[in-house]
Amino acid sequence: MNTQSNVLSVHNISKAFGAIKAVQNVSFEVHKGEILGLIGPNGSGKSTLFNCILGQSSPDTGEVYVNGKSVAGRPSHQLNKLGVGRTFQQLSVFPKMTVIDNIIMAGQEHHGTMFSRLFGASDAGLTDEAEQLTEFFKLDHLRDEEAGSLSYGQQKLLDAAMAFMAGPGLVLLDEPAGGVNLTMLEYLKDRLLTYNREHDATFVVIEHNMEFVMSLCTRIIVLAGGEIIAEGTPDEIRANDLVIQAYLGG
Amino acid sequence: MKPLHIFLFAVGIAILIALPLGQKTYIVYVLCSWLIFSIAAMGLNLTVGYAGQVSLAQAAFMGIGAYITALMTMAGVHWVFAATASVSTCFVIGLLLGYPALRVQHHFLAFVTLAFNTLVFLVLRNEEWLTGGSFGLVGIPRPEFGPLSTMKQLPFYYFALICFLVSAGAMAWIIRSPWGRAFKALRENPIRANSLGLNTSRMTLLAFAIGSAFGGLAGAVMAPLVQFIEPGSFALVHSLKILLMVVVGGAGYFYGPMLGAAIVVLLPEVLRFTEGYYLIIYALLVIVLMVFSPSGLFGLGKKLADRLRPQRVERGDLKQGSQL
Ligand SMILES: Nc1ncnc2c1ncn2[C@@H]1O[C@H](COP(=O)(O)OP(=O)(O)OP(=O)(O)O)[C@@H](O)[C@H]1O
Ligand SMILES: [Mg+2]
């Protein structure tokens with residue numbers, strides 16, 4: 001596969017924090033419509049890899065291509081404008097803003113120009129769309145609550161909803177299932193699959209919940225000590241000795 | 001707007017119109033200075049309260065605005081043009097002052113802006129050929145609009161009131177537009193905002209530029225009110241005073257700075273009977289307020305209102321530390 005036909009391709013990304021080699025020479029490709037799982041023990045460099053891809057922190061070496069376009073060194077907002085959404089491992093909402101405002105915020109920068117936003121409607125014409133999304137993520141009863149007053153799981157869902165507001169083609173989700181209860185988890189999986197199907201969207205999902213990741217993803221990459229140690233279908237990964245060792249050996 | 005809002009709004013304007021009627025010249029002067037400081041504090045509230053930046057330089061922008069207006073109107077330029085020049089200059093300088101904010105935050109940013117205020121003070125004091133040095137500028141004319149003169153104190157009050165209402169209208173517009181939401185997002189979680197497509201650097205610069213432009217307008221109204229300006233009126237202590245107005249009123253609340261300015265400007269008059277104890281009482285009141293309600297008087301009001309309604313407070317247990 002060449003870089004052109006891949007939604008995301010990552011070449012030789014390395015990132016060190018002092019003596020800690022958080023990510024070492026990681027390369028992988030993600031095809032359009034694919035749901036790629038990224039797993040690995042705590043501290044194996046998963047979130048750091050996301051941050052390097054998304055312009056949150058600059059990698060020491062390596063290249064990142066989105067739809068064939070080199071995006072290395074671009075700030076996050078430019079990546080977002082290219083149709084890349086993300087969620088964060090830590091709660092990452094705007095706590096003193098209402099749920100609906102959080103979601104409108106997630107879409108407004110994609111509507112009009114900066115000046116049309118100053119002179120246009122207060123909601124940038126996004127209230128209806130935002131309300132649909134709150135329903136999609138079962139947050140509609142919390143519409144006018146301050147985001148900071150929601151429970152952990154609800155804030156996780158809101159975070160996910162925000163990543164989808166601008167209709168991204170590629171979404172990087174960092175532990176979306178953390179703190180979400182079982183019924184809601186099934187629902188979340190269903191929502192992700194629906195969005196994936198309807199928009200031919202591509203996901204990269206970091207997750208510790210094996211059940212969730214194995215049933216959601218079509219392919220899985222395993223990171224340990226900052227390096228890729230295995231890659232394959234969920235069944236292949238389940239049977240892989242290196243992976244079992246990495247998890248058991250810590 | 002809901003009918004209740006429109007009604008309250010109309011009552012508010014009526015009060016502002018009636019306020020100076022039958023008052024002594026000095027009281028009208030104090031009211032004018034309340035309006036002027038409200039404009040400056042409103043601007044600072046955008047920078048500090050809504051966008052979450054730190055600035056200790058609002059008085060410097062008032063100074064820049066006041067000197068530009070003074071020099072231009074004394075040279076025969078009409079106030080409207082002088083004020084436009086003041087506002088635009090402060091916008092640009094504010095934008096430049098915003099650049100350090102892209103690198104440093106919190107108390108470091110406080111020091112950068114503090115240094116800027118001192119720099120402006122020194123320029124105003126030392127560049128005698130332009131600013132008149134520590135003697136300042138005397139004989140600043142009051143604006144005339146056709147047959148309407150603002151020479152008397154009452155017409156000047158209405159002139160200041162119009163400037164205040166225009167500023168408040170512009171600020172309300174900004175706050176309710178998507179820009180207002182973006183400023184709040186910048187304050188609450190810049191990393192998240194950036195990941196949602198917001199150019200956080202640009203928004204930070206704008207927060208400084210717009211806030212400073214309001215400072216410039218306040219200065220442009222201040223100059224013809226006092227008709228005599230000197231560098232001391234724009235020293236660091238006055239920036240602290242404007243910040244106090246924002247904080248006492250309630251940072252991030254639209255009406256906060258107006259209430260804060262009223263308290264900081266009018267309270268000394270009210271407490272005049274206590275003579276030497278004025279500052280002590282004042283300081284104690286501020287300390288008590290800050291201990292009980294760091295979000296100012298409006299924050300206190302909101303807290304009380306929330307007591308009556310179901311709980312809607314931010315959950316401390318879930319507050320994020322680093323977002324990475
Ligand atoms: N900003 C930082 N400064 C210093 N070290 C960091 C920083 N960010 C991450 N690290 C280190 O890099 C390594 C990888 O961290 P990372 O957060 O990427 O792990 P992770 O795979 O996401 O783990 P988890 O599953 O626990 O979220 C860890 O050893 C961590 O301490
Ligand atoms: Mg992580």
Side-chain angles (χ1 to χ4, degrees), chain A residues 47-48 50-51 54-57 75-82 84-97 101-102 104-112 114-126 144-152 155 159 162-163 165-166 172, chain B residues 1 46 49-52 102 170-206 209-210 250-253 295 299 302 306 309-324:
Chain A
S47 299
T48 305
F50 264 23
N51 289 334
L54 290 159
Q56 201 89 79
S57 69
S76 322
H77 67 269
Q78 286 186 11
L79 270 147
N80 184 249
K81 292 278 175 71
L82 290 175
V84 184
R86 81 168 295 188
T87 73
F88 289 78
Q89 179 168 3
Q90 258 85 28
L91 288 181
S92 216
V93 298
F94 305 112
K96 294 247 170 72
M97 285 157 61
D101 259 339
N102 269 266
I104 292 174
M105 182 63 223
Q108 71 172 36
E109 298 303 313
H110 294 255
H111 277 251
M114 200 166 101
F115 286 98
S116 74
R117 283 195 289 278
L118 177 59
F119 296 107
S122 157
D123 66 346
L126 289 171
D144 295 316
E145 296 297 320
E146 279 185 4
S149 70
L150 269 48
S151 78
Y152 184 90
Q155 292 193 41
D159 193 357
M162 286 159 77
M165 180 61 185
L172 279 65
Chain B
M1 280 206 292
L46 181 80
Y50 285 100
L102 303 178
M171 183 57 72
W173 184 269
I174 294 171
I175 296 306
R176 66 158 279 293
S177 81
W179 282 29
R181 192 179 292 109
F183 282 129
K184 284 183 225 162
L186 177 67
R187 170 191 74 197
E188 306 238 315
N189 196 338
I191 293 176
R192 185 52 165 151
N194 196 216
S195 83
L196 294 171
L198 183 72
N199 186 337
T200 41
S201 307
R202 192 196 275 163
M203 226 53 208
T204 307
L205 296 182
L206 272 175
I210 298 173
Y253 291 94
S295 46
K302 185 165 180 279
D306 281 346
R309 272 189 262 126
Q311 286 283 298
R312 256 174 81 172
V313 276
E314 187 192 343
R315 294 176 57 143
D317 58 333
L318 295 182
K319 255 196 199 142
Q320 73 262 48
S322 121
Q323 283 92 5
L324 296 178

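So you know, we letter chains A, B, ... as the sequences are listed, proteins then strands, and number each from 1.
For A/Leu54, no part sits under 4.5 Å from any heavy atom of chain B, backbone or side chain. With a 4.5 Å cut-off on non-hydrogen atoms, A/Ala106 touches chain B through its backbone and its side chain both. Using a 4.5 Å cut-off between heavy atoms, A/Phe50 does not touch chain B at all. Contact of A/Met114 with chain B is made through backbone and side chain together, with heavy-atom distances under 4.5 Å. Residue A/Ala121 touches chain B through its backbone alone, counting heavy-atom pairs closer than 4.5 Å. The part of B/Leu206 that comes within reach of chain A is its side chain, from C-beta onward, which places non-hydrogen atoms under 4.5 angstrom from that chain.
Annotation for A/Phe119 and B/Trp173: closest pair O-CZ2, 3.5 Å, computed over non-hydrogen atoms. Closest approach of A/Ile104 to B/Arg181, counting heavy atoms only: CG2-NH1, 3.4 Å.
A side-chain donor-acceptor contact under 3.5 Å links B/Arg192 to the backbone of A/Asp159. For A/Arg117 (side chain) and B/Pro178 (main-chain N/O), no donor-acceptor pair under 3.5 Å exists by modelled atom type.
To the nearest 0.5 Å, the span separating CG on B/Asn194 from CG on A/Leu79 amounts to 9.5 Å. Here the straight-line distance linking atom CZ of A/Arg86 with atom CD1 of B/Ile191 works out to 9.0 Å at 0.5 Å rounding.
Ion pair B/Arg202/A/Glu109 not flagged as a salt bridge, since none of the NZ, NE, NH1 or NH2 atoms sits closer than 4.0 Å to an Asp/Glu carboxylate oxygen.
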Notebook entry, point to check: Under the side chain to side chain contact (heavy atoms under 4.5 Å, CB included) criterion, do A/Met105 and B/Leu198 qualify, and how do the steps go?
Noted result: CA-CA 9 Å; A/Met105 182 63 223; B/Leu198 183 72; 4.2 Å; yes
Check: Where do B/Asn189 and A/Phe88 land on the side chain to side chain contact (heavy atoms under 4.5 Å, CB included) test, with the steps shown first?
Finding: CA-CA 12 Å; B/Asn189 196 338; A/Phe88 289 78; over 6 Å; no
